[in-house]
Amino acid sequence: MTADTTAEPRREMAKAYDPRQTEARVYDFWENRGYFKPGGDPSKPPFSIIMPPPNVTGELHLGHALTDTVEDILIRWRRMLGHPTLWLPGVDHAGIATQNVVEKQLAKEGLTRHDLGRDEFEQRVWQWVRRYRPIISNQHRRLGASADWSREVFTLDDGPQRAVRTTFKKLYDDGLIYRGHRLINWCPRCQTALSDLEVEHVDREGSLWYMRYPVVDGHNDDGTPKLTGDHIVVATTRPETYVGDTAVAVNPKDDRYKSWIGRTVMLPVIQREVPVLADDAVEMEFGTGAVKVTPGHDPTDFEIGQRHDLPIVNAMNLDATMNAEAGPYAGQDRYEARKNIVRDLDELGYLEKTEPYALNVGVCSRCGTVVEPLMSWQWFVKMESLARPAIDVVREGRIKFVPERFERIYLNWMENIRDWCISRQLWWGHRIPVWYSADEDGDRIVVTLRDPQRPDDPPRVATYNELRADGVTHEEILRNGTWSGVEATPIVAVDTPERSPTGGGHLLQENDVLDTWFSSGLWPFSTLGWPEETDDLKYWYPTSVMETGYDIIFLWVARMIMMGLYCAGDIPYSHVYLHGTVRNEQGQRMSKSLGTGIDPLEIVEKYGADALRYTLITSSGPGNDLKLSEQRVEQGRNFANKLWNATRFVISLIGGERVEMPRDITAFAQGRPLEDRWILSRVESLARSVDAQMQKFELGEAARQAYEFVWSEFADWYIEIAKVRARDEKAAGPSPLPVLAYVLERSLRLLHPVMPFVTEELWQSLVQHVDGAEGEALIVAPYPRGDSGYEDAAAEREMATLIDVVRAIRNIRAEKRVEPAKFIEAYVVADGARPVIEAGAPYIETLARVRPLRIVGDGEAPKEQVATAVLEGVTAVVPLAGLFDVEAERARLRKQIAEAEAEAGRIEAKLSNEGFRSKAPEKVVAAEQERLAAVTARLEGLRASLAELG
RNA sequence: GGGCGAUUAGCUCAGUCUGGUUAGAGCGUCUCGCUUACACCGAGAAGGCCGCAGGUUCGAGUCCUGCAUCGCCCACCA
């Protein structure tokens with residue numbers, strides 16, 4: 001031990017484990033020693049996890065704590081198995097989310113981002129980033145994350161920036177990125193386009209308005225339409241978009257409307273004439289079976305419009321107010337316009353009726369504002385050809401999902417993938433690497449120029465060339481303008497170009513930034529140096545496991561797989577482990593804004609990181625949501641304390657001596673007492689089972705099994721027996737110390753990935769009293785796999801008998817209210833099991849408070865005034881003298897007889913079933929026969945005892 | 001409209017992939033106990049038509065079908 005560790009000559013270990021005295025110190029020890037950096041055996045395959053980068057928007061929540069726990073368990077496990085391991089941490093700039101947070105902060109100062117201008121605003125966001133990044137990494141540390149902090153990456157670092165630009169250019173050059181005028185999701189509050197995945201669908205109470213569109217039949221001489229007096233009734237939930245209607249559609253199979261197809265109807269108030277047409281997309285059952293078609297504001301209608309070559313009317317501004325197309329409603333907010341339109345139609349007799357209607361509206365996943373489908377120029381990625389190989393690698397099993405069921409969800413989405421709108425009208429993010437040449441395209445670049453002196457004045461809109469002709473300089477345009485180059489030729493480049501290909505020096509970079517998930521999709525390789533062919537990339541890519549929440553399979557996982565294959569030429573990882581959502585006790589999602597969140601650090605402060613980790617990992621299986629309650633965390637804390645005290649006790653038993661750790665336990669166990677062979681066999685079996693569970697990613701099950709072993713077998717029985725051996729001359733045999741040390745040390749190793757702090761602390765203490773423990777620190781000590789081949793089934797069986805006897809006597813004592821401290825006489829009738837009982841006698845005496853224990857043959861135990869427990873192979877008889885109550889004893893026996901009879905009945909029924917005997921495996925039949933024999937024997941014993949009572 | 005998950009003790013959850021003793025844990029409850037590791041503990045106990053109905057099977061909490069309730073995801077019925 002060195003000075004930077006835990007090894008100052010320790011004073012007495014505290015009576016209870018206090019994580020606050022341990023965690024920070026142990027973490028520093030690990031980090032200072034460099035254990036988080038890749039090490040291990042170079043001949044073993046490397047194991048790597050790229051950490052999902054938390055948003056810089058704020059502090060970590062319990063979802064991150066779960067991510068950290070799962071990943072840290074996997075990393076620590078592999079590290080202990082000797083693999084070179086890399087856990088690469090990072091932070092995400094989280095474009096829209098972070099921009100919103102900083103804008104909110106500005107709003108408190110009465111400012112908008114426009115008051116600051118783009119450059120200054122970006123500076124403000126960087127300030128935020130600088131403040132939160134250390135907070136976030138410190139939180140990871142508090143949770144015990146053994147990540148390689150020397151490699152922490154931010155999505156806006158140079159490396160990832162270059163990866164983003166390189167990918168953009170590659171996609172563009174391959175024709176997979178295009179600019180298009182399309183119907184996109186627009187958030188009127190965030191003032192940006194959103195991808196389909198960033199729109200959440202929520203149920204809202206709304207209305208269904210039935211609107212009459214009068215039929216037009218030719219025109220009068222003055223051009224006004226001739227109305228027939230008929231009308232067609234359409235039902236809509238969005239009357240305000242009626243100003244954008246360019247048709248009315250019915251289903252071609254709908255007999256009610258066959259004669260209407262081809263006729264013309266008029267939109268009241270704005271007097272537009274539109275055709276009635278037939279389209280399959282119209283549901284006959286809905287509303288009246290006739291639908292207004294608004295290609296500019298509804299995705300379905302857009303498609304209908306495409307099929308019928310309808311004009312597209314965009315009736316809204318970007319802030320969701322109505323524009324000039326809305327005639328009298330221009331300038332009104334969409335909902336104000338809705339009210340007014342409904343009122344006007346009603347007054348004119350064009351509103352037939354209004355029904356309440358539950359509708360599903362799309363809202364911005366970041367701010368909750370109702371999203372508006374709008375026609376807009378945006379950049380898109382063509383997904384189909386990218387998706388195809390990403391589908392194959394999952395189908396072929398090159399990438400496996402845990403749990404498996406998410407593969408189908410992934411595949412289903414991928415097979416129906418749609419193009420991805422990647423441009424965002426934000427200031428925070430990766431700016432699109434596209435430039436326009438003002439020298440060549442100055443007439444085709446439309447600039448919106450603000451006057452910094454008069455920020456509240458409406459900006460001036462003109463072409464670049466017009467502004468320059470007016471004496472505005474290029475620099476002023478760069479500083480105060482935004483521009484749109486939809487007609488101009490894009491210059492796409494990785495490095496910021498200084499001139500256009502034809503030599504023009506006045507370049508304007510695209511204003512928009514990329515969807516945050518664009519850079520996220522590159523994360524598994526952009527963090528490793530791509531597009532450079534770095535050694536890191538060659539060694540660690542493809543990575544081993546991607547661990548994240550199932551809620552971002554599409555947003556993130558799918559895109560990483562597509563981009564990994566496309567850019568890096570290989571799958572990004574071989575396994576996708578998906579965890580569930582952490583909820584609070586009420587089952588609500590943890591959310592800061594709703595005030596339903598629990599700060600993980602508060603839990604760590606109160607219970608310790610190990611307790612939280614144990615609780616998170618054992619509270620559910622992979623892919624399942626979990627409800628976290630403090631009560632549950634207490635279990636973890638108690639377990640840490642149990643480990644602490646078990647170790648404290650073992651160390652105190654060792655005292656000033658040193659214990660030699662057994663090397664070869666098969667040899668070591670030879671000739672050892674029953675309980676030694678038993679616990680050694682059990683700990684080996686535990687290690688095998690834990691190994692199997694870990695391989696299957698059943699981390700919670702592995703942790704539970706270790707808990708169960710440590711508490712219910714090692715502490716409750718082995719340590720208790722060891723106490724007897726340590727004190728009781730009768731029991732003295734070989735020293736139990738090597739076994740205690742060995743089993744404890746193994747347990748600490750097995751639990752280290754789950755509870756790293758307390759186990760490291762205890763291990764460091766323990767090994768000071770032990771010779772021959774492998775490893776210089778627990779974090780890098782070999783992980784037990786239970787592959788020694790040692791197993792002692794006989795010891796396990798015999799020990800079970802011993803435990804049964806102790807329990808049976810304890811049970812009788814409790815039932816008969818024998819004073820706990822009092823020693824009582826007891827008999828054990830043991831024929832075949834006699835050697836076992838004899839060897840265990842001292843333990844039975846102490847653990848069941850029996851003195852003396854008389855081991856007798858069949859029929860030699862007293863029969864008067866006794867309580868009897870008939871077990872398999874042995875019978876415990878406790879003389880009760882003054883405490884004896886015939887009736888109570890009879891009842892006790894009858895109850896046992898009834899249970900045994902029921903069991904015997906079940907087995908007999910099974911065995912007498914011809915089908916069972918002929919079809920069940922021999923082994924199962926034999927086992928049942930054995931069981932029946934045992935139960936029958938017990939039954940006989942019980943009946944005999946009952947008969948004795950008369 | 002399609003899909004997925006959950007439904008097991010009073011509560012929170014394992015167990016279901018790969019069917020086979022008497023279905024487990026923690027918390028809570030009840031009875032005892034400060035026995036020199038641990039009261040963040042120990043001993044004992046009570047508590048379960050494994051959502052419902054069918055089916056497959058010698059055998060079903062576990063596999064299949066249907067249904068119910070709750071939750072989630074996807075989807076162009078305005």
Side-chain angles (χ1 to χ4, degrees), chain A residues 13 15-17 201 208 234-238 241 249 281-287 290-294 298-304 357 359-360 403-406 408-409 412-413 416 550-551 553-554 580-581 585 587 607 611 618-621 623-629 631-632 634-653 696 700-701 704 707-708 712 715-716 719-720 723 727 807 810-815 817 819-821 846-849 899-900 902-903 906-907 910 913-921 923-925 927-928 930-931 934-935:
Chain A
M13 282 173 75
K15 210 171 165 191
Y17 172 57
H201 296 273
L208 194 57
V234 301
T236 181
T237 57
R238 303 203 54 198
T241 64
V282 180
E283 294 286 332
M284 294 191 281
E285 290 72 31
F286 188 85
V291 61
K292 61 196 269 315
V293 182
T294 320
D298 183 277
T300 315
D301 293 3
F302 178 79
E303 283 170 23
I304 296 176
Y357 185 69
L359 70 158
N360 196 250
E404 237 171 49
R405 63 183 142 93
F406 289 112
R408 279 180 52 206
I409 293 171
N412 180 53
W413 187 76
N416 298 289
Y550 65 73
D551 50 330
I553 293 177
F554 310 141
T581 307
E585 269 171 280
Y607 300 98
T618 55
S619 287
S620 86
N624 288 341
D625 292 355
L626 65 100
K627 276 187 236 176
L628 189 85
S629 68
Q631 229 177 33
R632 206 69 218 233
E634 281 180 19
Q635 186 190 355
R637 176 200 59 184
N638 295 352
F639 184 43
N641 189 240
K642 190 76 181 178
L643 285 169
W644 177 267
N645 275 292
T647 307
R648 189 160 74 101
F649 179 68
V650 170
I651 289 173
S652 80
L653 272 191
K696 285 194 288 185
E701 188 54 28
R704 268 189 294 270
Y707 172 101
E708 200 60 29
S712 312
D716 285 354
I719 289 183
E720 292 307 315
K723 281 181 190 170
R727 285 174 218 154
R807 286 203 168 126
R810 281 174 173 173
N811 183 311
I812 290 168
R813 295 181 60 116
E815 268 185 43
R817 319 230 165 228
E819 285 167 59
T846 303
L847 299 180
R849 298 232 132 204
E899 282 167 5
E903 200 189 342
R906 268 193 301 274
I907 303 169
K910 219 181 231 192
N913 180 334
E914 193 42 47
F916 177 73
R917 298 195 78 103
S918 58
K919 293 188 182 169
K923 246 171 67 182
V924 174
V925 177
E928 292 293 332
E930 237 171 79
R931 254 183 76 209
V935 174

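Residue numbers begin at 1 in each chain, while the letters A, B, ... track the order of the sequences. Bear in mind the structure is a predicted one, so any value in this text is a computation, not a measurement.
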Colleague: Is there a side-chain contact between A:F916 and A:V924 in this structure, where contact means two heavy atoms from C-beta onward sitting under 4.5 Å apart?
Modeller: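 The answer is yes, as the side chains (C-beta and beyond) meet within the 4.5 Å cut-off.
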Colleague: Which one, B:U12, B:C38, B:A14, comes nearest to the side chain of A:N641?
Modeller: B:C38
Colleague: Should the side chain of A:K15 and the base of B:C38 be counted as holding a donor-acceptor pair, with the cut-off at 3.5 Å?
Modeller: no
Colleague: Measure the shortest side-chain to side-chain distance between A:I409 and A:F554 over non-hydrogen atoms and say whether it is less than 4.5 angstrom.
Modeller: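 In contact.
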Colleague: For the residue pair A:K723 and A:F649, would you count it as a cation-pi contact if the rule is NZ or CZ under 6.0 angstrom from the ring centre and within 45 degrees of the ring axis?
Modeller: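 Yes, A:K723 lies over the aromatic ring of A:F649.
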Colleague: Taking the six-membered ring for Trp, are A:F639 and A:Y707 parallel (under 30°), tilted (30 to 60°) or perpendicular (over 60°)?
Modeller: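 If you compare the ring of A:F639 with that of A:Y707, the planes turn out tilted.
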Colleague: With rounding to whole Å, what would you report as the distance between B:U7 and B:U16 at their C1' atoms?
Modeller: 13 Å
Colleague: Using the side-chain heavy atoms of A:R931, tell me which of these nucleotides is nearest: B:G5, B:U22, B:A37.
Modeller: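 Side chain of A:R931 sits closest to B:U22.
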Colleague: Taking CZ from A:R637 and C1' from B:C38, how many angstroms apart are they, rounded to a whole number?
Modeller: 12 Å
Colleague: Is it true that A:D625 and A:Y550 share a donor-acceptor pair across their side chains at a distance under 3.5 Å?
Modeller: yes
Colleague: Give one of base, sugar-phosphate or nothing for A:Q631, where a contact means two heavy atoms less than 4.0 Å apart.
Modeller: sugar-phosphate
Colleague: Has the side chain of A:E720 got a donor or acceptor atom sitting under 3.5 Å from an opposite partner on the base of B:A37?
Modeller: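 Answer yes: a donor N or O sits under 3.5 Å from an acceptor.
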Colleague: Answer whether the closest heavy-atom distance between the side chains of A:E815 and A:I812 falls below 4.5 Å.
Modeller: no
Colleague: For RNA chain B, whose closest nucleotide is more 5', that of A:S652 or that of A:R810?
Modeller: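 Upstream on the strand: A:S652.
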Colleague: If we ignore angles and hydrogens, is there a donor and acceptor under 3.5 Å between the side chains of A:S620 and A:K627?
Modeller: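 Checked: A:S620/A:K627 side chains show no N/O donor-acceptor pair below 3.5 Å.
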Colleague: If you round to the nearest 0.5 Å, how far is OG1 of A:T294 from CD1 of A:I304?
Modeller: 9.5 Å
Colleague: Using ring centroids (six-membered ring only for Trp), state whether A:F286 and A:Y357 fall under 6.0 Å.
Modeller: yes
Colleague: Side-chain N or O of A:N811 versus OP1/OP2 of B:A43: is the shortest distance under 4.0 Å?
Modeller: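 So the side chain of A:N811 is outside the cut-off, no N or O lying under 4.0 Å from OP1 or OP2 of B:A43.
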Colleague: Taking only the side-chain heavy atoms of A:V291 (C-beta and beyond), determine which of B:A78, B:C38, B:A37 contains the nearest atom.
Modeller: B:A78
Colleague: Let me know the distance between CZ of A:R906 and P of B:G59, rounded to the nearest Å.
Modeller: 17 Å
Colleague: Determine the Euclidean distance between corresponding C1' atoms of B:G5 and B:G51; express it in Å to zero decimal places.
Modeller: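 Comparing C1' positions in B:G51 and B:G5 gives a spacing of 15 Å.
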Colleague: Which whole number of Å gives the distance between the P atom of B:C73 and that of B:C58?
Modeller: 44 Å
Colleague: Please tell me if A:R807 has a side-chain N or O lying less than 4.0 Å from either OP1 or OP2 of B:G44.
Modeller: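 Checking A:R807 against B:G44: at least one side-chain N or O falls below 4.0 Å of OP1 or OP2.
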Colleague: Going by heavy atoms in the side chains, are A:R931 and A:E903 under 4.5 Å from each other?
Modeller: yes
Colleague: Looking at B:A45, B:C27, B:C40, which one has an atom nearest to any side-chain atom of A:N638?
Modeller: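 The answer is B:C40.
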Colleague: Give the rounded distance in Å between these two atoms: CD of A:E404 and P of B:G3.
Modeller: 20 Å
Colleague: So, do A:K292 and A:T241 sit near enough that their side-chain heavy atoms are less than 4.5 Å apart?
Modeller: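 Answer yes - side chains close enough.
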Colleague: If I take atom CD in residue A:E283 and atom P in nucleotide B:G1, what distance separates them, rounded to the nearest angstrom?
Modeller: 11 Å
Colleague: Is the phosphate of B:G5 approached by A:Y550 (side-chain N or O, under 4.0 Å from OP1 or OP2)?
Modeller: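 No, because none of the side-chain N or O atoms of A:Y550 sits under 4.0 Å from OP1 or OP2 of B:G5.
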Colleague: Over all heavy atoms of both residues, which pair between A:A900 and A:V935 is shortest? Give the atoms and the distance, please.
Modeller: O-CG1, 3.4 Å
Colleague: Name the closest nucleotide to the A:Y707 side chain, picking from B:A45, B:G26, B:C76.
Modeller: B:G26
Colleague: Considering only the P atoms, how many Å lie between B:C30 and B:A46, rounded to the nearest integer?
Modeller: 16 Å
Colleague: Please determine, for the side chain of A:R704, which listed nucleotide (B:C27, B:A14, B:C73) has the closest atom?
Modeller: B:A14
Colleague: Which comes earlier along RNA chain B counting from the 5' end, the contact point of A:G287 or that of A:N913, where each point is its nearest nucleotide?
Modeller: A:N913
Colleague: Whole Å only: how far is the NE2 atom of A:H201 from the C1' atom of B:C77?
Modeller: 14 Å
Colleague: Could you check whether any side-chain heavy atom of A:K15 comes within less than 4.5 Å of a side-chain heavy atom of A:R648, counting everything from C-beta outward?
Modeller: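 In contact.
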Colleague: Heavy-atom distance under 4.5 Å between the side chains of A:L626 and A:N624, does that happen here?
Modeller: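 A side-chain contact is absent here, since even the closest heavy-atom pair is not under 4.5 Å.
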Colleague: Would you mind reporting whether A:R810 and A:L847 have side-chain heavy atoms less than 4.5 Å apart?
Modeller: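 They are in side-chain contact.
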Colleague: Using the C1' atoms only, state how far B:C4 lies from B:G44, rounded to an integer number of Å.
Modeller: 44 Å
Colleague: Grab the N/O contacts between the protein and nucleotides 31-33 of chain B below 3.5 Å, and write none if there aren't any.
Modeller:
unit_1, atom_1, unit_2, atom_2, d
B:U31, O2', A:R817, NH1, 2.6

Colleague: Can you tell me which stems RNA chain B forms when a stem means 3 or more consecutive Watson-Crick or G-U pairs under 3.5 Å?
Modeller: B:1-7 with B:68-74, B:10-13 with B:24-27, B:29-33 with B:41-45, B:51-55 with B:63-67
Colleague: Looking across every strand, which nucleic acid part, if any, lies under 4.0 Å from A:A249 by heavy atom: base, sugar-phosphate, or nothing?
Modeller: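 It contacts nothing in the nucleic acid.
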Colleague: Could you tell me how far B:C17 sits from B:G10 if I compare only their C1' atoms? Round to whole Å.
Modeller: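 My reading of the C1' atoms in B:G10 and B:C17 gives 31 Å.
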Colleague: Tell me the interatomic distance from A:E899, atom CD, to B:U21, atom P, rounded to whole angstroms.
Modeller: 18 Å
Colleague: Looking at B:G5, B:G28, B:A25, which one has an atom nearest to any side-chain atom of A:N624?
Modeller: B:G5
Colleague: Nearest of B:U35, B:A37, B:G20 to any side-chain atom of A:K723?
Modeller: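 Of the candidates, B:A37 comes closest.
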Colleague: Students often get this wrong, so: under 4.0 angstrom with heavy atoms, is A:P403 touching a base, only sugar-phosphate, or nothing?
Modeller: nothing
Colleague: When all nucleic acid strands are considered with a 4.0 Å heavy-atom cut-off, which category describes A:D716: base, sugar-phosphate, or nothing?
Modeller: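 Sugar-phosphate: the residue A:D716, judged by heavy atoms under 4.0 Å, touches backbone atoms but no base.
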Colleague: What integer number of Å spans the C1' atoms of B:G15 and B:U56?
Modeller: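 Pairwise C1' distance, B:G15 against B:U56, rounds to 22 Å.
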Colleague: B:C11 and B:U35: how far apart are their P atoms, nearest whole angstrom?
Modeller: 36 Å
Colleague: Which pairs, protein N/O on one side and nucleotides 17-19 of chain B N/O on the other, fall under 3.5 Å?
Modeller:
unit_1, atom_1, unit_2, atom_2, d
B:C17, N4, A:K696, NZ, 3.3

Colleague: Give A:A920 one of three labels, base, sugar-phosphate or nothing, depending on what nucleic acid heavy atoms sit under 4.0 Å from its own.
Modeller: base
Colleague: Mind checking A:V293 for me? I need base, sugar-phosphate or nothing, with any heavy atom below 4.0 Å counting as a touch.
Modeller: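 It contacts nothing in the nucleic acid.
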Colleague: Between A:K627 (NZ) and B:A14 (C1'), how many Å, whole number?
Modeller: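 It is 15 Å, rounded to the nearest whole Å.
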Colleague: Can you tell me the distance, in whole Å, between the CZ atom of A:R405 and the P atom of B:G2?
Modeller: 21 Å
Colleague: Closest to the A:K642 side chain: B:G20, B:C40, B:G42?
Modeller: B:G42
Colleague: Kindly point out which of B:G3, B:U22, B:C41 is positioned nearest to the side chain of A:R408?
Modeller: B:G3
